[in-house]
Colleague: 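Shown below is the structure under consideration.
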Amino acid sequence: MEEMVRKIDDISNFKLVNEVFQFARSNKLLTPTDDTKKHKNVICELDEAKYYAWEKTYGDDELTWADYRANKVSDIWEKIYENDDKFSDIENLLTSILEELSEEVKRKPDRKHSALLDDVISDLEACIYSRVIEADSNSFFGGVFSSYTDGFWPCGFKSSTNINDIILYSRSVEINKQDTQSCCSK
């Protein structure tokens, strides 16, 4: 653990990276906070969330949420590859951090939510890479991380491919039906 802290300290945006890492170590993954009512587009059915994440397509390119996220990660990797020295430095610094993050996340979900593990790990890793390269200026991965810290799994878009129009899965949230619009119809 001490070596992990030292590696995080070597990263220029270490506070932002550490925030993601500490979240992964917490017991807050998929645990809604008191701020759940500030969110719209919240769904509570896991099968419905999986549909929006892995099957429904969005935009003119007809990308799934998973494909859309992958494209956003590609944008970050383009910036990393622009400078070969930066790539090897980042890769060397983050390898053990990302391995530990993955192990931490794998311990969190219950069996019902284990299918989400790869997506959750990929999202949090992308948040780390984004914060290393772009600090906190990437609104997409900033929104994704904020969704996780509020206890949700970001899994799609209501209509537009705008981070403010994101669909959030909650495994246990009581929603006042008057305050929430039904956002999800197949």
Side-chain angles (χ1 to χ4, degrees), residues 1 4-5 7-8 11 13-56 64-70 72-73 76 93-132 134-136 138-158 163-175 180 183-184:
M1 180 63 187
M4 188 66 54
V5 171
K7 284 186 181 248
I8 290 174
I11 299 169
N13 298 317
F14 79 94
K15 287 182 182 176
L16 296 169
V17 170
N18 193 43
E19 183 181 11
V20 177
F21 183 71
Q22 292 305 320
F23 172 75
R25 296 186 81 208
S26 75
N27 288 322
K28 297 178 182 175
L29 186 63
L30 300 180
T31 304
T33 64
D34 293 337
D35 293 337
T36 55
K37 290 190 179 181
K38 75 178 182 181
H39 296 283
K40 57 182 185 172
N41 304 333
V42 176
I43 59 176
C44 300
E45 295 297 324
L46 183 57
D47 287 338
E48 186 177 20
K50 290 177 183 178
Y51 166 79
Y52 281 98
W54 302 327
E55 295 177 38
K56 181 159 175 47
T64 64
W65 170 254
D67 295 334
Y68 187 84
R69 284 182 8 247
K72 291 294 189 180
V73 171
I76 294 169
L93 288 170
L94 292 182
T95 298
S96 58
I97 293 170
L98 296 175
E99 286 172 8
E100 190 168 332
L101 176 129
S102 178
E103 291 305 312
E104 289 291 339
V105 171
K106 287 177 183 176
R107 293 184 201 132
K108 305 301 181 208
D110 54 30
R111 181 176 291 235
K112 178 181 176 183
H113 295 91
S114 63
L116 309 182
L117 279 176
D118 288 340
D119 280 18
V120 172
I121 291 167
S122 294
D123 285 347
L124 295 178
E125 287 177 350
C127 290
I128 284 178
Y129 279 112
S130 172
R131 286 167 172 232
V132 167
E134 302 172 318
D136 57 1
N138 185 308
S139 62
F140 180 77
F141 285 110
V144 166
F145 184 62
S146 178
S147 298
Y148 279 107
T149 60
D150 285 346
F152 300 105
W153 177 51
C155 59
F157 295 106
K158 179 178 177 185
I163 195 64
N164 295 322
D165 204 23
I166 198 167
I167 295 173
L168 303 169
Y169 165 73
S170 175
R171 70 177 182 175
S172 60
V173 66
E174 292 182 28
I175 301 171
T180 305
C183 65
C184 306

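Computed from a predicted structure; not experimentally measured.
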Colleague: Distance from Trp54 atom CH2 to Asp67 atom CG, nearest 0.5 Å?
Modeller: 13.0 Å
Colleague: Measure the OH-CG distance between Tyr148 and Leu168 for me, rounded to the nearest 0.5 Å.
Modeller: 10.0 Å
Colleague: For residues Leu98 and Tyr129, report the shortest heavy-atom separation together with the two atoms involved.
Modeller: CD1-OH, 3.2 Å
Colleague: Test Phe152 against Val42 for side-chain contact (heavy atoms from CB on, under 4.5 Å), laying out the working first.
Modeller: CA-CA 9 Å; Phe152 300 105; Val42 176; 3.9 Å; yes
Colleague: Using the side chain to side chain contact (heavy atoms under 4.5 Å, CB included) criterion, which residues pair with Arg107? Sequence neighbours excluded.
Modeller: Glu103, Glu104
Colleague: Let me see the working for Leu30 and Leu116 under side-chain contact (heavy atoms from CB on, under 4.5 Å), right down to the final yes or no.
Modeller: CA-CA 10 Å; Leu30 300 180; Leu116 309 182; 4.2 Å; yes
Colleague: Let me confirm one number: the NZ-CH2 distance from Lys50 to Trp153, rounded to the nearest 0.5 Å.
Modeller: 8.0 Å
Colleague: Could you tell me which residues satisfy side chain to side chain contact (heavy atoms under 4.5 Å, CB included) with Ala70, sequence neighbours excluded, listed by chain and number?
Modeller: none
Colleague: Report the C-alpha separation of Val132 and Val17 in whole Å, then their side-chain angles, then the decisive distance to 0.1 Å, and conclude whether the side-chain contact (heavy atoms from CB on, under 4.5 Å) test is met.
Modeller: CA-CA 7 Å; Val132 167; Val17 170; 3.5 Å; yes
Colleague: Taking side chain to side chain contact (heavy atoms under 4.5 Å, CB included) as the test, write out the residues that go with Asn138, two or more places apart.
Modeller: Ile76, Ser130, Glu134, Phe140, Phe141
Colleague: Is it the case that atom NZ in Lys28 sees more than 12 heavy atoms from other parts of the structure closer than 6.0 Å?
Modeller: no
Colleague: Go through the structure and list residues passing side-chain hydrogen bond (donor to acceptor under 3.5 Å, both in side chains) with Asp118, not counting sequence neighbours.
Modeller: none
Colleague: Rounded at 0.5 Å granularity, tell me how far NZ in Lys106 sits from CG in Leu101.
Modeller: 10.5 Å
Colleague: Okay, side chain of Ser122, backbone of Asp119: is any donor-acceptor separation there less than 3.5 Å?
Modeller: no
Colleague: Pair Asn18, Lys15 - check side-chain contact (heavy atoms from CB on, under 4.5 Å), show working.
Modeller: CA-CA 5 Å; Asn18 193 43; Lys15 287 182 182 176; 5.7 Å; no
Colleague: Using the test side chain to side chain contact (heavy atoms under 4.5 Å, CB included), find all partners of Asp110 that sit at least two apart in sequence or belong to another chain.
Modeller: Lys112, His113, Arg171
Colleague: Tell me, please, which residues at least two apart from Phe23 pass ring pair (Phe, Tyr, Trp, His ring centres under 6.0 Å).
Modeller: Phe145
Colleague: Check for a donor-acceptor pair, side chain of Trp65 on one end and backbone N or O of Pro154 on the other, with a separation under 3.5 Å.
Modeller: yes
Colleague: Does Ser102 have any side-chain hydrogen bond (donor to acceptor under 3.5 Å, both in side chains) partners at least two apart in sequence or in another chain, and if so, which?
Modeller: none
